[in-house]
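In listed order, ligands and their atoms are each counted from 1. The structure presented is a predicted model; accordingly, all values stated were derived computationally and were not measured.
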Amino acid sequence: MTTLQDCRAMDAQDPLRPLRAHFSLPDGVIYLDGNSLGVAPKAAAARVAEVVEQEWTQGLIRSWNDAGWVHLPQRLGDQLAPLIGAGPGEVVCTDTTSINLYKVLSAALNIVRADAPGVDTPARTKVLSERSNFPTDLYIAEGLCHERGLELVLLEPEDIAAALQDDVAVLMLTHVNYRTGAMHDMAAITAAAHARGIVCVWDLAHSAGAVPVDLHADGADFVEWRASKSADFAVGCGYKYLNGGPGAPAFVWVHPRHAGRTDLPFMQPLSGWFGHAAPFAFTPEYQPAAGIRRFLCGTQPILSLSALQCGLDVFGAAQALGGMAALRAKSLALTDLFIALVEERCAGHGLGLATPRAHGARGSQVCLTKDEGAYAIVQALIARGVIGDFRKGDGARHPDILRFGFTPLYLGFEDVWHAVEHLRQVLESAEWQRPEFKQINAVT
Ligand SMILES: *Cc1c(COP(=O)(O)O)cnc(C)c1O
């Protein structure tokens with residue numbers, strides 16, 4: 001049996017413990033929802049105030065140059081790049097995940113169309129994804145397929161390998177599943193898809209800052225595309241594990257072999273002026289910037305980007321304490337502890353585990369199932385200051401879920417103990433059956 005003393009001892013030995021001081025955690029809250037909206041870095045309020053009062057109020061239009069606003073999407077992209085195994089000049093922070101997905105999925109389809117071999121080979125008319133992918137990803141793909149007369153095929157994870165056939169244009173997957181926390185083997189799936197001539201788009205919304213990601217799985221070698229296990233396109237979210245603030249700009253990464261293509265000026269269809277080679281030349285014709293900057297569209301949200309920088313800065317501090325490897329080790333220890341404590345202390349209440357036990361297949365969250373009352377239990381926990389969330393199910397294969405995210409930057413092992421103790425009390429007292437906890441909110 002694990003005890004509260006054991007948890008305190010784990011905190012005492014935690015090399016990442018000092019990072020908690022970089023965040024403003026409200027009193028009386030155990031925050032297990034950093035996978036939905038990360039905690040505010042302490043530096044954010046002062047930084048945004050500085051941008052408003054100095055750079056905007058005093059600097060005015062001059063700040064696009066003097067305060068470096070114009071380069072902020074690339075500068076933050078370079079700061080984020082090491083977290084996802086990307087190189088400098090390969091990432092920009094911009095727009096939303098949904099919008100970036102539209103850009104990269106379109107670009108992937110444009111590449112497939114441009115590179116299609118002769119008329120005798122079967123056309124690539126399918127986009128593959130997972131039935132339990134995050135809905136906005138599926139909606140964007142659905143819209144694009146509708147626009148282009150393609151078919152969106154939704155699969156269960158175990159059926160993906162067999163579906164990688166010559167009629168598939170693009171495989172679009174989310175690395176860590178938002179519902180279950182299950183994690184794909186990105187390099188292996190990418191290699192299998194490339195071998196069949198399929199371009200891969202990865203969503204890193206629940207990966208960036210949470211698990212090590214290696215977009216350049218080939219390493220430094222030049223590998224012919226069909227033999228490559230490096231990804232093609234990736235997008236991800238700024239407001240989850242990166243702690244960039246509500247609605248923070250997202251990011252987009254494109255492998256240089258694609259980003260540098262000069263034969264497809266409209267590879268990225270949202271051909272706005274910030275992605276132009278020379279925005280201030282004001283020429284009437286579009287000419288894309290070289291490299292990743294062509295994935296920008298319009299004028300960038302400087303206040304939001306400034307807040308995102310504060311989130312990314314904490315990962316700079318984490319680097320000195322072991323970086324993503326240390327964060328991953330702690331994340332697995334936190335989720336292992338949560339699973340063990342739930343099984344030891346909450347047995348007999350019909351809870352199931354939707355998250356894989358195998359470390360290699362687990363992101364940084366733990367999801368529990370319960371036949372009845374999942375939503376109300378989450379509400380009862382929130383009333384006690386233990387903030388997780390609820391995700392609606394879709395039949396027996398995808399049940400309702402109580403979702404708990406574990407952010408190793410600021411969570412401690414004692415927090416996990418208390419969270420499970422609250423869960424135990426909510427279940428044993430049947431507190432969750434109170435009517436106020438059954439009231440469904442607009443945002444769950
Ligand atoms: C959170 C999340 C998004 C969010 O997209 P927005 O455009 O920021 O609303 C998209 N995809 C996945 C997989 C997510 O987890």
Side-chain angles (χ1 to χ4, degrees), residues 32-39 73 76 80 83-84 92-106 108 127-144 152 154-155 157 160 170-184 186 189 200-211 213 231 233-253 270 295-298 300-301 304-305 307-308 311 354-355 362-367 388-392 394 398 401 403-407 442-444:
L32 304 180
D33 216 359
N35 53 338
S36 215
L37 174 62
V39 167
L76 298 190
L80 191 156
L83 301 180
I84 54 174
V92 280
C93 293
T94 186
D95 296 332
T96 66
T97 305
S98 304
I99 291 172
N100 288 334
L101 204 50
Y102 181 85
K103 296 179 210 168
V104 299
L105 198 49
S106 302
V127 173
L128 302 186
S129 195
E130 223 183 303
R131 174 162 293 280
S132 76
N133 199 345
F134 192 81
T136 200
D137 298 43
L138 300 181
Y139 302 158
I140 292 286
E142 193 181 351
L144 251 174
L152 176 63
L154 301 184
L155 302 161
I160 293 171
V170 175
L171 173 64
M172 178 191 82
L173 290 176
T174 295
H175 182 220
V176 174
N177 187 282
Y178 82 104
R179 285 177 50 80
T180 62
M183 183 166 71
H184 284 297
M186 189 159 83
I189 294 177
C200 296
V201 171
W202 287 96
D203 189 329
L204 305 178
H206 289 272
S207 312
V211 300
V213 176
F233 297 91
V235 298
C237 208
Y239 52 79
K240 293 175 178 161
Y241 291 97
L242 299 179
N243 306 305
F251 65 87
V252 51
W253 169 86
L270 300 183
F295 279 79
L296 297 179
C297 182
Q300 299 299 308
S304 302
L305 285 165
L308 172 60
T355 301
R362 188 196 305 162
S364 198
Q365 68 186 53
V366 177
C367 300
D389 62 23
F390 164 82
R391 286 295 174 260
K392 182 95 194 79
D394 170 27
H398 304 290
I401 271 178
R403 191 173 71 149
F404 303 98
F406 294 85
T407 303
V443 174
T444 63

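- Close N/O approach between Asp203 and ligand 1 is found [any backbone or side-chain N/O within under 3.5 Å].
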#### Entry: Audit row: Asp137, Ser129, side-chain hydrogen bond (donor to acceptor under 3.5 Å, both in side chains) steps and yes/no
CA-CA 9 Å; Asp137 298 43; Ser129 195; over 6 Å; no
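- Under 4.0 angstrom from ligand 1, the non-hydrogen atoms of Ala205 all belong to its side chain.
- If you take CG on Leu32 and CZ on Arg403, they are separated by 11.5 Å, rounding to the nearest 0.5 Å.
- Those atoms of ligand 1 with a heavy atom of Thr174 less than 4.0 angstrom away are 13 (C).
- Looking at Lys103, its side chain does come within 3.5 Å of a backbone N or O of Phe295 through a donor-acceptor pair.
- Here the protein heavy atom with the shortest distance to atom 7 (O) of ligand 1 is Ser98 OG, 2.6 Å.
- With hydrogens left out, the protein atom closest to atom 3 (C) of ligand 1 is Lys240 NZ, 3.5 Å, a heavy atom.
- Residues Leu76 and Leu305 form a side-chain contact, since some pair of their non-hydrogen atoms from C-beta on lies under 4.5 Å apart.
- Contacts with ligand 1 closer than 4.0 Å are made by heavy atoms of both the backbone and the side chain of Thr97.
- Summarising the geometry of Ala234 relative to Leu204, their closest heavy-atom pair is CB-CD1, 3.9 Å, with the distance given to 0.1 Å.
- In terms of modelled atom types and a separation under 3.5 Å, the side chain of Glu130 and the main chain of Leu173 share no donor-acceptor contact.
- Some N or O of Asp137 is nearer than 3.5 Å to an N or O of ligand 1, by distance alone.
- Ring pair His206/Tyr241 is perpendicular by interplanar angle, where above 60° counts as perpendicular and below 30° as parallel.
- Ring orientation note: the planes of His175 and Trp202 are nearly perpendicular, at an angle over 60° on the 30°/60° scale.
- Below 3.5 Å of separation, one finds no N or O of Asn133 facing any N or O of ligand 1.
- Considering backbone and side-chain atoms alike, Tyr239 places an N or O below 3.5 Å from some N or O of ligand 1.
- Within ligand 1, counting atoms from 1 as listed, the ones closer than 4.0 Å to a heavy atom of Thr96 are 7 (O).
- Counting the atoms of ligand 1 from 1 in the order shown, those under 4.0 Å from a heavy atom of His206 are 15 (O).
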